[in-house]
Enquirer: 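My questions all concern the structure below.
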Amino acid sequence: MDDDTASQELFCSAEENPVKPKIYFEREAVDQFYFDKRYDRQQQEGPGLLKKATNYLGSCCTCSSKRARKIVETKLPVTEWLPRYDWLRDLKWDIISGITVAVMHIPQGLGYAMLANCPPILGIYMAFFPVLIYFFFGTSRHISLGSLSVVTLMCGRVVSMYAPEALISTPSLNSTTIETIENATEIPFIGGTDQPETMTTFQDIVFLPDNVTSLPQYTPTEVAMAITFLVGVWQLVMHLLQLGILGVLLSDSLVSGFTTAAAVHVFTSQIKYLFGIRIGKFSGRFSIISTWIAIFSNIKHTNISTLLVSVITIGILVVNNEILKPIYSKKLKVPVPIEMIALLCGTLASRWFSLNDEFGIRVVGYIPKGIPEPALPPASLLSSLVMDTLPIAVVAYAVSLSMGKIFAQKHRYIVDSNQELLAQGLANVGGSFFSALPISASLSRSLIQESVGGKTQIASIVSCFLLLMVLLFIGPFFEPLPLAVLASIIVVALKGMFLQFSDLKRALQVSLYDALVWIAAFVSTAFIDIDIGLIIGVLTALFILVLQAYKPHACLLGNVPGTELYLDIWKYSQAFDDAEMKIYNWNGGIHFANADSYSKEFYKLVRATKYSSIQYVVLDFTSVSFIDMAGCRAVTTLIKDLIGEKTDVLVVYQKGGVMERLNKCQDLSSMSHVYLFATVADAVTYTKSGLLHNLANGEVNIECR
């Protein structure tokens, strides 16, 4: 029986059976003093700031073998889980998972490197070098790190600003076209042979404004190295500052709107490869509009052969994913690597039919063989990229952390958010020396890695070994691969991101605030720019958070006759509104931003009841989560005003921290006409018994039923 059927049957049985369980209780109604004494309240005065700092420094300086082992296991998690690894039970599943993910890495790496405006081989580097480092320092056992469309797209924006391919003319300028040649000797390779003196990148046409006489001094690979290095540095800085909480700032609505808009940019960037047209690269604000104008202006120059390759590839991928995959996935545990099959077929067809020479279909071009020699990023470029790389660092980390927590919750282990910053930071810094792009977790690869039985990051080691074979021996095989095939793979993979439009529909049904965050992130990212969209999305989410904290829900409570329930008199007609007594409930914090509203909301609600002969006011603090100095002053001012109006004030609270701060500002127990209680029921019972004022003379306890 599924959950829906079970819940429906339970609901039906509840409707048919009028008998409900009943709650009976009987105790004395007591004030707060007796309540604390009766139930033995413990004073929990925490250590001061100086004491906390002393204790922390003392613990840091304590030397013992146990502490040293704990530090090593915390900072190097592989030393904690690898000795307990069950080689007989889990290794076979990690091998299967690693092989499967490696096959996915090849098409995704080659394709997503295009999004970064870099040579395709960089997509393989980023799935190899950083992943090896993460194996030792990461705490997630199931995420697959490497290329991610959103992150590589953000990198591509920065690369286009500093590499030769970035220079374009505005439509109003006269342009000249040149062939862009990247000197292959700038990045020597180990283990490679037959290296040409120069190589033409896959971006072979660049538009230069008339007033530009020379190309910038940086190649796309050099810019990518600098970006990856700074992304890693940012993440290491955030780790030192213990800013793992930053991942929380990117809410689900924000991430959904942002990534959906990023999918629009990714799709736009692939149109020229699908149609075989040549357009300049636009960067800056509203660049997507200029790009689409250029697309429609050049659509008449479509290469029919390229378009045919795109249609065939997309058709095969869609038929597999939508029709065949649901059928064979029930029988096969390991998915069919349709993207890899498309890559192989496209490469072989291009070799056999000379698609580049005979039909003008653009191909990947030169792919170096071997492992790149380690090199430092260009120091002169780093200062220019500091702020551009911060959004990339945050997005890459937040996406990886959110995926890691999903799998950790499912498999019941813990992902350390701050340790993840260290692991990804070191992985990116180390990868930058080998021409890798910034890494992040891919949802599709991570789901496959986990679903085929992957148990730990040993699956990533298996994947890296296979990718090493690609780097050493197989890479040049893909040189004749049509770019249209890679673009088709990328576009089909965007389906999941475009389906996130349904998140907006759900957000509108659940919370208008979430919907506003989604819309703000999507519109600003899609139409203005990616980094601006992220900033606007975060600011919108923070503004709404502050707005909700600024004005929490406030109401007057009334008793449901015959029960101990006290409900909002405006929402429940059965709640009794007592003319002589008002119970004021504030659901949230009382702080400097909303302190003035505390009193205003009370008088506003009281005026709405149209009762003027109020003898008792119950201030219900059981739902108050926090109070600061401004809030304390607002509360004591309201209490004094009510006392001045000859009204008895009954304060109800159970959260020690709130009342302790309030008592430090004003000792309520010493004020006349102020009475302290633990529950609303106690306060109401005392007023109804007529014994409230006897509390000032001694303990008086009555029965509360």
Side-chain angles (χ1 to χ4, degrees), residues 101-131 144-153 155-156 159 165 182 189 192 199-204 220-221 224 266 269-270 272-274 306 309-310 313-314 317 337-351 355-356 361-372 431 434-440 442 444-445 463-464 466-494:
V101 171
V103 172
M104 296 181 67
H105 267 302
I106 296 171
Q108 291 186 5
L110 295 175
Y112 290 157
M114 292 169 55
L115 295 179
N117 300 319
C118 292
I121 193 64
L122 268 63
I124 306 298
Y125 295 160
M126 68 189 298
F128 179 72
F129 297 104
V131 174
S144 173
L145 291 170
S147 56
L148 180 68
S149 58
V150 175
V151 174
T152 51
L153 181 68
C155 293
V159 170
E165 287 78 5
E182 181 178 339
F189 288 81
M199 64 178 180
T200 304
T201 63
F202 67 94
Q203 297 283 353
D204 56 352
T221 302
V266 173
S269 68
Q270 299 308 299
K272 60 184 178 183
Y273 303 118
L274 296 174
T306 300
V309 171
S310 302
T313 306
I314 292 175
L317 294 174
I338 189 64
E339 292 86 359
M340 191 65 197
I341 294 174
L343 240 62
L344 294 173
C345 293
T347 302
L348 293 175
S350 181
R351 283 183 182 274
L355 298 183
N356 179 248
I361 296 177
R362 300 171 66 187
V363 297
V364 169
Y366 174 72
I367 296 180
K369 184 164 62 174
I371 300 175
F434 295 91
S435 307
L437 289 160
I439 60 167
S440 187
S442 164
S444 60
R445 291 196 310 271
S463 175
C464 287
L466 295 179
L467 293 175
L468 179 62
M469 298 299 102
V470 173
L471 291 173
L472 293 177
F473 308 111
I474 307 175
F477 170 78
F478 294 104
E479 289 180 355
L481 173 66
L483 293 178
V485 174
L486 285 177
S488 300
I489 293 173
I490 292 173
V491 168
V492 173
L494 293 176

Enquirer: Does any part of the side chain of L348, heavy atoms only, come nearer than 4.5 Å to the side chain of F477, both counted from C-beta?
Expert: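 Yes, their side chains come closer than 4.5 Å.
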
Enquirer: NZ/K369 to CG/L472 distance, rounded to the nearest 0.5 angstrom?
Expert: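 If I round to the nearest 0.5 Å, the distance is 9.0 Å.
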
Enquirer: Applying ring pair (Phe, Tyr, Trp, His ring centres under 6.0 Å), can you list everything that pairs with F129, at least two apart in sequence or on another chain?
Expert: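 F434.
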
Enquirer: Just by modelled atom types, is the T306 backbone N or O under 3.5 Å from a matching donor or acceptor in the R362 side chain?
Expert: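 No.
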
Enquirer: With the side chain counted from C-beta on, respond yes when V159 and C118 share a heavy-atom pair under 4.5 Å apart, and no when they do not.
Expert: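 V159 reaches C118 side chain to side chain.
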
Enquirer: Given side chains that start at C-beta, do those of V150 and V266 come closer than 4.5 Å, heavy atoms only?
Expert: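 Counting from C-beta outward, V150 and V266 never come under 4.5 Å.
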
Enquirer: So which heavy atom on Q108 is nearest to which on S442, and how close?
Expert: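 That closest heavy-atom pairing would be OE1-OG, 4.0 Å.
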
Enquirer: For the atom pair CG (L494) and CD (Q270), what is the distance rounded to the nearest 0.5 Å?
Expert: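 Spacing of CG (L494) from CD (Q270) equals 8.0 Å.
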
Enquirer: Taking side chain as C-beta onward, heavy atoms only, is Y112 less than 4.5 Å from M126?
Expert: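 Y112 vs M126: side chains apart.
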
Enquirer: To the closest 0.5 Å, what do you measure between CG (N117) and CG (L153)?
Expert: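 The distance works out to 9.0 Å.
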
Enquirer: Between A102 and L467, which heavy-atom pair has the shortest distance, and what is it?
Expert: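 The pair with the smallest heavy-atom distance is O-CD2, 4.0 Å.
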
Enquirer: So, taking the atom named OH in Y125 and the one named CD1 in I371, what distance separates them when rounded to the nearest 0.5 Å?
Expert: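 Y125 OH to I371 CD1: 9.0 Å, rounded to 0.5 Å.
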
Enquirer: Looking only at heavy atoms, what is the nearest atom pair of F478 and V364, with distance?
Expert: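 Minimum heavy-atom separation between F478 and V364: O-CB, 3.8 Å.
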
Enquirer: If every non-hydrogen atom of V151 is compared with every non-hydrogen atom of S440, which pair is closest and at what distance?
Expert: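 Closest approach of V151 to S440: CG2-CB, 3.8 Å.
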
Enquirer: Who pairs with S269 by side-chain contact (heavy atoms from CB on, under 4.5 Å), at least two apart in sequence or on another chain?
Expert: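 Partners of S269 by the side-chain contact (heavy atoms from CB on, under 4.5 Å) criterion, ordered by chain and then number, come out as L115.
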
Enquirer: With heavy-atom distances below 4.5 Å as the criterion, would you say the side chains of V103 and L466 are in contact?
Expert: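 Contact flag for V103/L466 side chains = no.
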
Enquirer: Grab the two heavy atoms, one from C464 and one from A127, that are nearest each other, plus how far apart they are.
Expert: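 What the structure gives for the nearest pair is SG-O, 3.8 Å.
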
Enquirer: Check whether any side-chain heavy atom of E339 sits under 4.5 Å from a side-chain heavy atom of L343, and report yes or no.
Expert: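 No, side chains not in contact.
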
Enquirer: If I take atom CG from residue L122 and atom OG1 from residue T221, how far apart are they, to the nearest 0.5 angstrom?
Expert: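 Here the interatomic distance stands at 5.0 Å.
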
Enquirer: Please give me the minimum heavy-atom distance between A116 and L437, naming the atom from each residue.
Expert: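 Shortest heavy-atom contact: CB-CD1, 3.8 Å.
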
Enquirer: Just distance, no hydrogens or angles: give the donor-acceptor pairs under 3.5 Å from side chains in residues 483-492, sequence neighbours left out.
Expert:
from	atom 1	to	atom 2	distance (Å)
S488	OG	A484	O	2.7

Enquirer: Check whether any side-chain heavy atom of I474 lies under 4.5 Å from a side-chain heavy atom of I106, and answer yes or no.
Expert: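 When only atoms from C-beta onward are counted, I106 and I474 do not touch, as no gap falls below 4.5 Å.
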
Enquirer: To the nearest 0.5 Å, tell me how far M104 CE sits from S147 OG.
Expert: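 Answer for the CE-OG pair, M104 versus S147, is 9.5 Å.
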
